[in-house]
Amino acid sequence: MDRQSVGIVLVLLCTCLGVLTKRPNIVFILTDDQDVTMGGETPMANTLNMIGKKGMTFQNMFTSSPLCCPSRSSILTGNYVHNHRAINNSIDGNCSSKAWQQGPEQNTFATHLKNIGYKTFFAGKYLNQYGDKAVGGVAHIPPGWDEWHGLVHNSVYYNYTLSVNGKAEVHGDDYAKDYLTDIINNRSHEFLAKQNGVFPFFAMVSTPACHSPFDSAPQYMDEFADKKAPRDPSFNKAGMDKHWLIRHAPNPLSNASLTYIDDTFRKRWRTLLSVDDMVKNIVTTLDEIKLLDETFIIFASDNGFHLGQFSLPNDKRQLYDFDIRVPLMIRGPGIPANSKNTDPVMNIDIMPTIIALAGEQAPSNVDGMSLVPLLIPKTNTTIKWRNGALIEHDGEYAPSGYVGCKHTEFLNTCYPNCVCEDGFNNTYSCRRVITKTDNTMYCEFSDDENFQEFYNFTSDPHQLTNTIKKMTPEFLAEQNKELVKLSLCKGASCRQVHPPHEEDRDENSVIKDQSSNSAKSVKQNGILESNSVVSL
């Protein structure tokens with residue numbers, strides 16, 4: 001990891017003397033299946049105002065895999081899927097398996113923060129198979145957490161079990177006592193209210209929203225009644241030049257599917273209103289206990305989502321931007337308010353960023369890069385950054401077919417109306433590139449066609465036309481070489497950086513609100529590159 005990334009912020013409580021007294025606090029808010037391309041952030045006014053406008057929004061944030069457990073495993077460890085090996089949402093696919101618990105789970109941001117003196121708190125969805133009896137049940141508390149409120153299995157809003165510090169807590173369907181987003185909200189508030197500023201804390205709150213079954217709080221059930229899913233250019237469009245699964249999606253969508261899509265769109269937004277309430281509560285609580293100015297708040301999601309794009313009714317798992325783009329906003333000491341960054345960043349960057357914000361260096365085997373140099377850029381400094389992101393997905397399938405749907409052998413997630421969203425031949429790896437001159441994606445499938453896809457987003461922002469057949473053999477050979485390098489990378493070899501052209505960046509790719517004031521980095525003991533310190 002670059003030394004420039006190592007330290008940013010050990011909080012200065014005494015501005016006048018500049019005396020280091022403690023590390024900053026960190027709150028990480030993670031949503032489930034929240035998209036960017038369909039306006040998934042739109043209903044969250046509090047989040048946009050209290051985090052986005054108070055900090056930095058990353059406009060090119062991608063997930064390493066458009067599926068919950070692989071992505072969350074990357075978030076926790078800072079590693080690509082091919083290195084942590086949680087390839088899908090099943091125990092056999094290493095999701096919260098015994099092998100995961102004995103391996104990658106021993107080296108997450110939680111374990112590192114705990115080791116340097118942080119009080120740690122978790123509430124909500126962890127990994128899809130967490131709490132399963134086959135992998136230790138509710139008694140298993142992942143290492144690094146002082147206070148644990150982990151959801152057993154996948155996202156739901158009612159009728160679930162929590163592991164509360166290793167003991168089962170069963171919930172029903174009473175909104176006042178059981179609605180999971182509100183439970184997470186209330187318990188995170190209780191944890192934060194106990195903090196007195198003596199010891200630094202890390203709190204991760206991981207909501208079920210806006211994952212199915214899309215149960216909103218009663219007070220929000222009538223919101224957005226006039227909204228429909230966006231009819232973007234890829235909506236209800238046949239993808240006949242795309243991989244097998246897309247080519248076999250029925251087109252046009254049935255009226256039943258269209259009704260389902262619009263209803264689901266409204267329901268997803270409604271679930272996010274309770275998350276937005278939680279964000280407001282967290283920020284307000286931090287302000288009331290006088291710790292807001294000493295706290296970094298990170299807001300992100302695990303993967304995107306689609307509703308009708310290329311005639312796929314409802315899911316994620318695809319290589320297209322609607323499934324791999326996710327929100328990322330960060331506020332905190334020294335981060336310019338209302339700023340935007342256009343560099344390609346990834347979910348694997350969250351772990352090393354959290355470690356760097358705490359003033360430490362992530363282990364050398366971490367694949368991701370600390371975002372600190374982008375968050376708090378130094379003047380007259382050229383930041384070296386990646387130009388390509390790796391996306392990986394291993395298709396999940398049912399050999400005997402999806403229950404209730406004929407002729408779906410080796411396919412999966414065939415809902416609604418038996419339209420299948422995943423399968424044995426939906427295994428792929430892609431390289432997503434964003435530079436001043438290139439905005440492209442190259443993908444290879446592990447299927448019986450050796451299928452390839454290539455898109456130039458400058459001329460085709462919605463990935464409507466697969467132009468792979470127009471590429472020269474020399475160009476494709478170079479694309480394959482770069483993809484193979486990323487697919488085999490580990491640690492430092494995943495963090496290859498490329499200095500930008502002089503015209504590539506405007507103030508280090510940060511577009512600042514000229515009316516906002518940003519804190520300046522302070523040189524401490526002559527080692528600004530090693531440990532940048534922000535005074536409050």
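Quick caveat, the model's predicted, so the values are computed rather than measured. Values below: all heavy atoms of this structure, side chains included; hydrogens, waters and symmetry mates excluded. Position 1 is the first residue of the sequence; numbering continues from there.
The backbone N or O of L253 sits nowhere less than 3.5 Å from a side-chain atom of S257 that would complete a donor-acceptor pair. Counting only distance, with no hydrogens or angles, the side chain of Q129 and the backbone of C95 share no donor-acceptor pair below 3.5 Å. Between the side chain of N236 and the main chain of Q309, no donor-acceptor pair closer than 3.5 Å is present. For the pair T435 (side chain) and D438 (backbone), a donor-acceptor distance under 3.5 Å is present. Proximity of a side-chain donor or acceptor of S163 to a complementary backbone N or O of V138 within less than 3.5 Å is detected. Side-chain N or O atoms of D394 include none that pairs as donor or acceptor with a backbone N or O of I87 at under 3.5 Å. Of the possible polar contacts, one joining the R72 side chain to the K125 backbone as a donor-acceptor pair under 3.5 Å is found. Remark: the backbone N or O of Q34 is not paired with any side-chain donor or acceptor of T31 at under 3.5 angstrom. Between the side chain of D232 and the backbone N or O of S234, at least one donor-acceptor pair lies under 3.5 Å. In this structure, N186 contributes its side chain and I183 its backbone to no donor-acceptor pair below 3.5 Å.
Residues I434 and R432 have side chains in contact (heavy-atom distance under 4.5 Å, counting atoms from C-beta outward). Between P352 and M369, the closest side-chain pair of non-hydrogen atoms is not below 4.5 Å. No side-chain heavy atom of T427 sits under 4.5 Å from any side-chain heavy atom of D447. The side-chain heavy atoms of R317 and N303, taken from C-beta on, include no pair separated by under 4.5 Å. Contact check for P104 versus N79: no side-chain heavy atoms found under the 4.5 Å cut-off. Contact of the I51 side chain with the I298 side chain is not registered, since no non-hydrogen atoms from C-beta on lie closer than 4.5 Å. F457 has its side chain out of reach of H462: every pair of non-hydrogen atoms, C-beta onward, lies at least 4.5 Å apart. Contact check for N426 versus H243: side-chain heavy atoms found under the 4.5 Å cut-off.
Across V164 and R187, no two heavy atoms sit closer than the pair CG2-NH1, 3.7 Å. Across all non-hydrogen atoms, the minimal contact from N185 to M278 is ND2-CA, 3.6 Å. When all heavy atoms are compared, the tightest approach of C68 to N128 is CB-OD1, 3.4 Å. Considering all non-hydrogen atoms of both residues, D35 and P327 come closest at O-CD, 4.4 Å. In terms of heavy atoms, T77 sits closest to S73 at OG1-O, 2.8 Å. Of all the heavy atoms in G39 and P43, the pair that sits closest is O-CD, 3.8 Å.
In this model, no donor atom of one side chain and acceptor atom of the other lie less than 3.5 Å apart for S90 and D92. Side-chain contact check for Y320 and E453: at least one donor-acceptor pair (N or O, by modelled atom type) lies under 3.5 Å. Side chains of D277 and S274: a donor-acceptor N/O pair is absent below 3.5 angstrom, by distance only. A donor atom on one side chain and an acceptor atom on the other are not found under 3.5 Å apart for D302 and S71. Side-chain atoms of H82 and E392 form a donor-acceptor pair, as typed in the model, at a separation below 3.5 Å. There is no side-chain donor-acceptor pair under 3.5 Å between N425 and D448. Checking N60 against T342 by side-chain atom types alone, no donor-acceptor pair falls below 3.5 Å. In this model, a donor atom of one side chain and an acceptor atom of the other lie less than 3.5 Å apart for Y442 and Q452. Between the side chains of N347 and T63, at least one donor-acceptor pair of N or O atoms lies under 3.5 Å. Side-chain polar atoms of T47 and D276 form a donor-acceptor pair below 3.5 angstrom. Looking at H153 and D132, their side chains do bring a donor and an acceptor atom within 3.5 Å of each other.
Partners of H149 according to the ring-ring contact (aromatic ring centres under 6.0 Å, His included) rule, which considers only residues two or more places apart in sequence or in another chain, are F121. With sequence neighbours excluded, no residue forms a ring-ring contact (aromatic ring centres under 6.0 Å, His included) with F28.
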* For E444 and I468, run side chain to side chain contact (heavy atoms under 4.5 Å, CB included): C-alpha distance rounded to whole Å, both residues' side-chain angles, the deciding distance at 0.1 Å, then the answer. => CA-CA 11 Å; E444 295 181 357; I468 195 73; over 6 Å; no
* Asked: Could you go step by step and tell me if S74 and H84 meet the side-chain hydrogen bond (donor to acceptor under 3.5 Å, both in side chains) rule?
  -> CA-CA 7 Å; S74 288; H84 64 62; 3.0 Å; yes
* Before giving the answer on side chain to side chain contact (heavy atoms under 4.5 Å, CB included), spell out for L162 and L180 the whole-Å C-alpha distance, their side-chain angles and the decisive distance to 0.1 Å. => CA-CA 10 Å; L162 290 178; L180 182 54; 4.2 Å; yes
* Please lay out, stage by stage, how N412 and E421 fare under the test side chain to side chain contact (heavy atoms under 4.5 Å, CB included). => CA-CA 6 Å; N412 204 356; E421 301 268 3; over 6 Å; no
Listed pairs under 3.5 Å, donor-acceptor, residues 400-408 side chains, sequence neighbours left out:
{"residue": "T408", "atom": "OG1", "partner": "Y402", "partner atom": "N", "Å": "2.8"}
{"residue": "T408", "atom": "OG1", "partner": "C405", "partner atom": "O", "Å": "2.9"}

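Screening residues 172-185 for salt bridge (charged side-chain N to carboxylate O under 4.0 Å, His left out) gives no qualifying pairs among residues at least two apart or on separate chains. Sorted by first and then second residue, the pairs that involve residues 233-248 and meet salt bridge (charged side-chain N to carboxylate O under 4.0 Å, His left out), not counting sequence neighbours, are R247-E449. The ring pair (Phe, Tyr, Trp, His ring centres under 6.0 Å) pairs that include a residue from residues 208-236 are F224-W269, where partners are two or more places apart or lie in different chains.
Taking the ring centroids of F322 and F305, they lie at or beyond the 6.0 Å cut-off. Ring centroids of W244 and F424 are separated by 6.0 Å or more, keeping the two rings apart.
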